[in-house]
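The chains referred to below are lettered A, B, ... by the order of the sequence lines, with proteins before strands, and numbering in each begins at 1. All values below come from the heavy atoms of this structure, side chains included, with hydrogens, waters and symmetry mates left out.
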2 protein chains.
Amino acid sequence: MLTLYDYLPSQNGYKIRLLLSHLGRPYRSEYVSIFEGHGQRPAYLAVNPTGAVPAIRLDDGRTLAESNAILQFLADGTRYLPGDAFGRAKVAQWLSFEADYVQATMGSLRYWTLTGKLPQRPPALLQMKRDGGLRALAALDRELASRPFLLGDDYTIADLSVFAYGHLAGDAGLPLDGFGHVLAWIERVRAQPGFVPTVHPYAIDPHSTAELP
Amino acid sequence: MLTLYDYLPSQNGYKIRLLLSHLGRPYRSEYVSIFEGHGQRPAYLAVNPTGAVPAIRLDDGRTLAESNAILQFLADGTRYLPGDAFGRAKVAQWLSFEADYVQATMGSLRYWTLTGKLPQRPPALLQMKRDGGLRALAALDRELASRPFLLGDDYTIADLSVFAYGHLAGDAGLPLDGFGHVLAWIERVRAQPGFVPTVHPYAIDPHSTAELP
C-alpha cells in the first residue's frame, strides 16, 4: 500500500491527501514532525534530499518527493491529468505558477503568520511577498474569468494545487473579496466528488501529530 | 516553426535554448525586453499570464509558459525525458527542487547582483537566500556522490534545468569550490552532444536584445 510521509499543518501534504480522496485510493500515513526538525534526520533525508514533506513510498521501495511531482505521478492515467503531452505540460505550467507565485508568496506569509515568525521578517520582504501574492491573485482572476477551471472545462491537479494555498490567502493577510472569479472557482473546486477540506492549523497540536493514526 | 519568446540575460530562457540545441530543433526567437517592462504588455500577458520569459508558441497558435513546463513538453518522447510515469515524476521532483531551492536562492541573488539591486535588499533576506543556496548545493553534492546524473546514468532535463542557475552559483556569491561532486557533474553536462554555453550577461547590452536575430 502507498505510504504518504505527511505533516498535518502542511498544505503541500493536503494536496496529496485531497487527490487520494478524489481517487478513493487507500494509503497509510507516516508523520514527520517538521516543526521539531525531524525532516533533517538522515533516515528522512534518504527519502527526500530537502527534508520537506510530503513524499511517498511505493510498494517496491521507490520514493518520490515534491508535492507537485507526486500529484503528477498519482494523477497519471486518471481524469485529473490530461493524457497528451501538451495537456500535461499545460498542467506543469500551472504547477510552476503555484510554486513560484502562490506558494512562494501567500504560502510563506501564512506560514510565518501561523508560527508567529512574521514580526521577525524584514518589512521590505513582507511587502514583496504581499505584492507578489496580489499579482498572482489578479492573474488567476483574469484567467478564470473566461473558463471554469485552469485548463478549461475540466478540474485537474492544476486547480487542486493552486487551491491548496490559494483558498487560504486570507490566512496570509490577503483577503479574496475583490477576486470574484477566484471565489467562484473555489466553490467549484469544493463541489468536486471526493473533496475533503484541509485540517485547520488552529485545530492541530503540531507536537502530537507524530502519534496521529 | 516553433517560436521561442526569450530574453538573452535570462537563464530560464537559456534552458530552452540549450534543450533545442541538444535536439537540433530549429526555431525562431522573439525577444521580450523584460528589463524595460515589455513582459507586462497586454499582448504578452496573453501569452504568459505572469509576463515572464520564456514561453513558446506552436504552429497551431497554442502557447506554453514556465521554463520547466516547456522543457517537459519539448523533451517528451526524446532521450532527455523518461517515458514512464515514475521517471517523468522523478524529473518533475528535480524541476520543483530547481525552482524552489536553486532558482529561488542563487537565481535571485545573481539577478540582484547583475542588476545592482543587491544593496537595496534587506540583509536578513540576503542571508536567507545564501543559506538556502548553500543547503541546495550541499543536497546536490550528496545526491551526485552516488551517480553521474540526477536520475541515474542518463542526462535528462532535470540536470539541464538545475545546471542553468547552478553552474553560475559563483555569480550569486556562492563559490562552488567545496562541492566536488557538483563540479564534476558540471563537466559531464558540458560534455553532452549539442551543448551550448550560456550568453554571459556582461557581454549583453539588454537594451539591444529586442533587435538581436
Rounded to the nearest 0.5 Å, what separation is found between the CD1 atom of A/Ile157 and the CG atom of A/Leu71? 5.0 Å
For chain B, which residues from residues 49-58 of chain A lie under 4.5 Å away (heavy-atom distances)? A/Pro49, A/Thr50, A/Ala52, A/Leu58
Looking at B/Ala99, B/Ala65, B/Ala92, which one has more heavy-atom pairs under 4.5 Å with chain A than the rest? B/Ala65
Quick one: what part of B/Thr63 sits under 4.5 Å from any heavy atom of chain A, side chain, backbone, both or neither? both
Where do B/His22 and B/Tyr155 land on the ring-ring contact (aromatic ring centres under 6.0 Å, His included) test, with the steps shown first? CA-CA 11 Å; B/His22 284 315; B/Tyr155 171 74; 5.2 Å; yes
Rounded to the nearest 0.5 Å, how far apart are CZ of B/Arg110 and CG of B/Leu114? 5.0 Å
Between B/Ala124, B/Ala85, B/Ala139, B/Ala104, which residue shows the highest count of heavy-atom pairs closer than 4.5 Å to chain A? B/Ala85
Which portion of B/Tyr101 sits near chain A, non-hydrogen atoms under 4.5 angstrom: side chain
Side chains of B/Asn12 and B/Glu66 only: does a donor on one sit below 3.5 Å from an acceptor on the other? no
Can you confirm if the aromatic rings of A/Tyr5 and A/Tyr31 lie within a centre distance of less than 6.0 Å? no
Could you tell me whether A/Arg88 and B/Asp76 make a salt bridge, using a distance below 4.0 angstrom between a side-chain N and a carboxylate O? yes
Which distance, rounded to the nearest 0.5 Å, do you find between the CD of A/Gln93 and the CZ of B/Phe73? 12.0 Å
As an exercise, state the distance from NZ of A/Lys129 to CG of A/Leu118, rounded to the nearest 0.5 Å. 11.5 Å
Counting heavy-atom pairs under 4.5 Å with chain A, which one of B/Arg135, B/Gln72, B/Arg62 comes out on top? B/Arg62
